[in-house]
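Below, chain A is the first sequence line, B the second, and so on; all start at residue 1.
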Amino acid sequence: MSSRWPAAIKASLLIIFAVAIVPWAADEYWLSAILVPFLILSLAGLGLNLLTGFAGQLSVGTAAFMATGAYTAYNVASRLPGVPLLVAFAAGGLAAALLGVFAGLPSWRIKGFYLVVCTLAVQFFVEWLFTAFRWFSNDNSSGQVEVPPLRIAGHDFNDPIGHYWLVLAIVAVLTWVARNIVHSELGRRFLAVRDMDTAAAVIGIPVLRTKLLAFGISSFYCGVAGALWGFVYLGSFDPRAWELGRSFQVLFIIIIGGMGSIAGSFVGAAFMLLLPIAMSHLASAWLSGAVDQGTLSNYQKIVFGVLIIFFLIKEPLGLASIGRALQRRVRIWPLRQW
Amino acid sequence: MGYLLETLVGGLLAGIMYSMVAIGFVLIYKASGVFNFAQGAMVLFSALTFVSLIERNVSFGCALIITAAVMVVVAVLAERLVLRFLVNRPPVTLFMATLGLSYVLEGTAQALWGADVHGLDLGIDDVPVSILGLRLSRFDLFASATAAVLVVLLSLFANRTRIGRSLRAVADDPLAALSLGVRLPKIWRWVWTLAGLVGFIAGLLWGSRSGVQFSLTLVVLKAMPVLIIGGFDSIEGAIVGGLIVGASEKLAEVYVGPIVGGGIENWFPYFLAVGLLLVRPAGLFGDRAVVRV
Amino acid sequence: MSAESRAPDSPAAPPPATLPEYLAHWAAVRPRAIAIRHKSLGVWDAWTWSDLQAQVGRASATLESQGVDPGHAAASSSDLSPRALAAALAAQALSGAAFPVLDGAEALTQAGLIAAARTWLDAHGVGAEDRAFTGEAPTTEATAIFIAGWLVAGIALILPEDATTADADRREAQPTIVAATAASYEQLRQRIADNLPAAGTRLRAAVDAGLTASPRNRARRALGGWLVRRPLREILGFRRAALALVLDEEPPPVAAQELFAQLGVPLRALTREPRAEIAGRLT
Amino acid sequence: MSGIASREPLLRLSDISLSFKAIRALAGVGFAVRRHEVCAIIGPNGAGKSSLLNIVSGVYRPQAGEVSFDGRTERQLTPHQAAKWGIARTFQNIAVFGGMSVLDNVIAGGNLAFGSTWIEQAFRIGRAARAEREARERAERVLAFLRLQRCRHQPVSSLPYGLQKRVELGRALVANPKLLLLDEPMAGMNAAEKREMSEHILDVNRDLGTTVLLIEHDIRVVMDISDHVVVLDYGRVVGDGTPADVQNSPDVIRAYLGTKRAAA
């Protein structure tokens, strides 16, 4: 409806690209250092977007949910031998979802910043939990854990291309589900609660239940993303992989990419990953190593801060909305509106 | 028993430090409804600037003045380049903008002055003094004295000066104030300046206690539960909140920590705060707005 | 359907003499072919000729049962919903009256109506695969003749959901024949003019160039066709349109005629003289 | 107007009292709304009209008094409960879902009747498709009724004020409520828009038999469309009857028309 091409064609083109072209075009560095983290961060962004962009509940606890997913998946996989890897991931997602619903409970009384603070509370509690209780890291003194090899139904996914396939498959399925949700009654309820919760309540939408669903589903996505981050991208991890900074990173992804847009989560993640790389390339090309990594990371911080402010001011709906605007413009060219 | 008391008082005094940061929040929130996540970055920025000046053999007094001036510039820029364009946007958007701002400030501060830890000596050696049988940190006493002076100054400013009065007017009823010809941008520049200076003082105290380094920005996270407990829009709330957080976190650390393996001071205040939220959604001192539909 | 489509006046059966007879004819010759495609509740719905006939049957039954004066019943159907058309046809079947003509002009007889319809069909070489679109209610003589043409030729008639959505629905339907009043064409031109890039801008100059590019300048012409005329026709729902009829005696303002001529669908009069163009009657 | 007004009332409010902090909004307000009637609440600003509507729709909880609707009684009515009972409303300052399309706004209005679980929706299984289709159809009927088809897919925030009000009405109607609460449905409208809105309201009342309880300042509109007028002043009922006898009641003229003239 919104575009000239039916969604099916778009989707299939995308799949062809991701399945056929990318693995053929990309080398190992791209696969394991960019594409895999890109897909995983997109998934986390998608999760946060469902909660913040669609249901309008700002959260800075994303990293906590990711950590919960990762550690749950790890413990299931390592303590219950014989449990399929995907089941472990799912368990990670479910554990995160439970925590999410719990974190969302205060939204019964409180909104806005106050809710932000609740998610912060969860963030710190989880960081502490996995650090203080070695049990979670299999009594490893440093809290560092080694994940078991990635084998699913006898197939081995331990090389970069395998990583890519595994992550791509999971992300694709979850994106499809997210798309269904967004275009369904639940999606409408999310938007209703976001846009005008009093009116939502008056037309009979169970506001608290809707918010909790948003928290639960969102956290499930973040949990799976966390499990993938730990198992596929890092391979061995400790709680520091999921500190507050990660939460902000994911938040920035959806601010830049586009609140309330599925595509935005992916665009934002790509931007988030590629900008620093581009910057360090430029630095080494022009300044030829004059700036050390530390200074560079400071500049990156500045750039990101500026970008966030810029987007909030100029394009509150992020890169995705710019894309949509262009698309609309093309569809009614040469007219301005119709 | 004496130990308990000492812990308690020690916690209370430490809490004052939290209050110092929280006050910066409250000023901005009261006058502009902005939840300024960048407060922590301002603390770091000011402290780092000050220390670096000192290290470059600038005299103490000059360093103070220059840093203060810098903070004024920061405030003006924040208003000119950020807030001005975000007027009457949803509060959460403004919050995220300050998040961006804090990244800019942190990045700039470290790009300018480097990321390594700087020692800062205000000339108060942190020897324990004993007052009616309680052994207390002199430094904490000094800090709380500073805080007291600061609050007095602020209240004087708010009540005696014209700008202060219009500031209070805006806080009480923005629309009315505007109709009375109060210029919002000016107000915002002022409160951000004030918040910057308060942050500066907090930065000095924190810095001289734990060294001036990146982790200073984290005091913002300490201040968060303080604000929840005290309410975003009440200075006395910030003070009391700070005391409560300081005391409870010390007590918890001493009496609960060992049981669960320590390190709980990071989240314990938050749980305290959230618990309180559910009982009193506007904190102890903030007043609850009636939903208008 | 084109396989079984035959000229209405085939030797097999005596040529239909009234619109209801034409309806019966098409329902018999190609019952599965689409008679009316219309939008209701936001989705496109289609009636085959047999559906339409059944609907007319029901309508006339109710008319008789209620003992309503058919003429009146037909007259009251001044909107363009398929049901209204069916009701009108039912009324005709009962009374032999033609479509009501509310603009005061003399009511045509069935025979006159069909003759008039045949003329414009032949004049513009309308074929069985054509799909005619109109948003105008059958309240004027011209509209009545156009609607009659649909029944005589047995082509598909496309109706919008509502007068206000005609433009959007036309874009979705992309008909081969468009019929509208001079006023409607003028409104359309106005709406386009309002939404083209602001006058004086480079963009606007380019668009105008694309519209007015002369056939002599081949390259320019082609470019303009691709970048301006084709997209515009698409938006207006004229992509496939080979014929744009004016349902009025009076031609629309010159500006509108020029625009549609530039787009490659010159406005034609729905007249009884074959091949007459409004342009010919100007000055 | 609607002649078919049966005996027992659809809605009965019994000595409702409500106050925010120190301010007293309503003091022992009580009246009844009969089935199928159009009842108007009038009164000067701050008389507590909106508060009353907010109580009937469960947005505010009164400190005292109770709401009886269709035989059931609640002291602490919740919005969800009110909606379940068949009470729908529009708001004084439009409360549409600005980010959603017109169609989605109206579909959302019928959410209580939605026939599939979120699991089914998430995986496109079971009743998901059918429920969506049915909800869409219900909404489309309302769009046709209010002639909103043209802006079906536009985000509501991009529409002019008048249309937004109509969308909000549509969102309330799609649930085909027993009682429709309208808080100043014609505020900020020109004469033509007002006439159109009055038409819509009367259509709803006649064709769908919906009982209407509305707040309106334009006294002429009130007299035209309502069967029953309740006058509030300082949180008290100072008049309750047909438009005619309310118009002639002296203390109403003092309370309402008087202050109106002062205000104007």
Side-chain angles (χ1 to χ4, degrees), chain A residues 52 56-58 60 103 105-106 108-129 131-134 196-199 201-202 244 248 251-252 254-255 259 291 294-314 316, chain B residues 29 35 37-38 41 81-82 84-86 89-112 114-116 218 221 224-225 227-228 232 260-275 277-283 291-293:
Chain A
T52 303
Q57 312 297 306
L58 180 56
V60 291
L105 278 173
W108 156 59
R109 291 278 314 254
I110 62 192
K111 306 179 183 178
F113 318 127
Y114 291 98
L115 198 60
V116 173
V117 173
C118 295
T119 56
L120 260 179
V122 175
Q123 173 69 39
F124 291 128
F125 178 74
V126 169
E127 273 181 37
W128 168 81
L129 189 68
T131 322
F133 292 92
R134 295 293 175 222
M196 189 70 66
D197 55 358
T198 317
V202 162
L244 188 58
F248 287 150
L251 179 60
F252 290 174
I254 68 171
I255 295 178
M259 293 263 192
V291 285
T295 330
L296 191 59
S297 68
N298 287 327
Y299 289 138
Q300 284 167 357
K301 258 190 136 167
I302 299 176
V303 170
F304 272 119
V306 171
L307 278 171
I308 295 302
I309 296 171
F310 172 82
F311 272 103
L312 287 172
I313 292 174
K314 289 283 169 217
Chain B
Y29 187 84
F35 184 92
F37 196 86
L81 302 179
V82 183
R84 170 164 302 188
F85 302 100
L86 291 169
R89 288 280 196 87
V92 169
T93 307
L94 281 146
F95 162 73
M96 292 190 284
T98 61
L99 199 55
L101 189 60
S102 69
Y103 265 52
V104 175
L105 285 176
E106 290 167 16
T108 323
Q110 298 194 50
L112 283 176
D116 40 5
L218 300 182
L221 301 171
M224 209 78 66
L227 291 161
I228 296 291
F232 286 139
V260 292
I264 68 172
E265 73 277 6
N266 272 347
W267 57 266
F268 181 79
Y270 279 91
F271 276 49
L272 205 67
V274 173
L277 266 185
L278 295 179
V279 193
R280 290 212 63 216
V291 211
R292 280 253 159 274
V293 287

field: Contact winner vs chain A - B:Val92, B:Leu105, B:Leu81, heavy-atom pairs under 4.5 Å
entry: B:Val92
Heavy-atom distance under 4.5 Å to chain A: side chain of [X], backbone, both or neither?
X: B:Phe268; result: neither
X: B:Val274; result: side chain
X: B:Leu221; result: side chain

- prompt: Where do B:Leu99 and A:Phe252 land on the side-chain contact (heavy atoms from CB on, under 4.5 Å) test, with the steps shown first?
  reply: CA-CA 10 Å; B:Leu99 199 55; A:Phe252 290 174; 3.8 Å; yes
Residue [X] versus chain B: region with a heavy atom under 4.5 Å:
X: A:Leu251; value: side chain
X: A:Ile255; value: side chain
X: A:Leu244; value: side chain
X: A:Phe310; value: neither

Between [options], who has the most heavy-atom pairs with chain B when the cutoff is under 4.5 Å?
options: A:Phe125, A:Trp128, A:Phe124; value: A:Trp128
options: A:Val60, A:Val122, A:Leu105, A:Leu58; value: A:Leu58
options: A:Ile308, A:Leu129, A:Asn298, A:Leu307; value: A:Asn298

task: Work out which heavy atom in A:Gly305 is nearest to a heavy atom in B:Tyr103; give both atom names and the distance.
output: CA-CB, 3.9 Å
- line: Nearest heavy-atom contact between A:Ala121 and B:Tyr270 is CB-CB, 3.4 Å
- request: For B:Leu227 and A:Val117, run side-chain contact (heavy atoms from CB on, under 4.5 Å): C-alpha distance rounded to whole Å, both residues' side-chain angles, the deciding distance at 0.1 Å, then the answer.
  value: CA-CA 10 Å; B:Leu227 291 161; A:Val117 173; over 6 Å; no
statement: Value for CD1 (A:Ile302) from OG1 (B:Thr108), rounded to nearest 0.5 Å, stands at 4.0 Å
- prompt: Taking atom OG1 of A:Thr295 and atom CG of B:Leu112, what is their separation to the nearest 0.5 Å?
  reply: 11.5 Å
- request: Say whether, by atom type as modelled, one donor and one acceptor occur between the side chain of B:Arg89 and the main chain of A:Leu312 under 3.5 angstrom.
  value: yes
query: So do B:Phe95 and A:Val116 actually touch side chain to side chain, heavy atoms under 4.5 Å?
result: yes
